[in-house]
Amino acid sequence: MHKFKSGDLVKFETGFLQPRTASGVYTVVRVLPASPDGHLQYQVKSVAEPHGRIALEHQLVPASNPDQLPPARPPGQS
């Protein structure tokens, strides 16, 4: 069972083998099927990057600190 759902705010866990990512908070765009080796995965997006990323569940931690929330976008922008 997946730990996160669409719309959840997450951060990449820091670690030696983790991919280079923009720092800060990512939004879970969608829950993906498990990888062929059984790892749960997600599509995540940061406002700091023009593209989304695929992240394995063990690479992510909840971003529950209000200071880490992404900036609000003005109405009419996506």
Side-chain angles (χ1 to χ4, degrees):
M1 181 171 198
H2 285 83
K3 181 177 178 180
F4 304 106
K5 63 183 183 312
S6 293
D8 283 353
L9 300 176
V10 296
K11 296 187 317 178
F12 275 90
E13 180 79 71
T14 55
F16 179 71
L17 296 176
Q18 299 306 320
R20 293 182 180 255
T21 60
S23 63
V25 175
Y26 287 73
T27 301
V28 175
V29 176
R30 67 181 157 157
V31 176
L32 300 173
S35 65
D37 55 358
H39 290 103
L40 300 178
Q41 51 187 6
Y42 303 86
Q43 180 181 0
V44 297
K45 176 77 173 82
S46 168
V47 296
E49 295 182 315
H51 56 277
R53 293 181 175 272
I54 303 300
L56 299 177
E57 188 169 88
H58 72 272
Q59 295 175 310
L60 302 174
V61 294
S64 56
N65 184 340
D67 295 334
Q68 298 170 333
L69 298 179
R73 292 186 177 187
Q77 289 188 346
S78 55

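In this chain, residues are counted from 1 in sequence order. Hydrogens, waters and symmetry mates play no part in the numbers below; they use all other heavy atoms, side chains included.
- At a threshold of 4.5 Å between non-hydrogen side-chain atoms, the residues Q59 and Y42 do not count as touching.
- Residues forming a side-chain contact (heavy atoms from CB on, under 4.5 Å) with A48 (at least two apart in sequence, or on another chain): A22, S46.
- Judged as a side-chain hydrogen bond (donor to acceptor under 3.5 Å, both in side chains), and not counting sequence neighbours, the contacts of S35 are D37.
- Residues H58 and E13 come closest through the heavy atom pair O-CB, 4.4 Å.
- Annotation: salt bridge (charged side-chain N to carboxylate O under 4.0 Å, His left out) contacts of E49 (sequence neighbours excluded): R53.
- Here the closest non-hydrogen pair linking V31 and K5 is CG2-CA, 4.0 Å.
- Applying the ring pair (Phe, Tyr, Trp, His ring centres under 6.0 Å) criterion to Y26, with sequence neighbours excluded, gives F12.
- L9 places a side-chain heavy atom less than 4.5 Å from the side chain of T27.
- For the side-chain contact (heavy atoms from CB on, under 4.5 Å) test, residues two or more places apart in sequence or in another chain that qualify with I54 are L32, Q41, Q43.
- Residues V44 and A55 come closest through the heavy atom pair CG2-CB, 4.2 Å.
- Taking both residues in full, the closest heavy atoms of V29 and K45 are given as CG2-CB, 3.6 Å, listed atom of the first, atom of the second, then distance.
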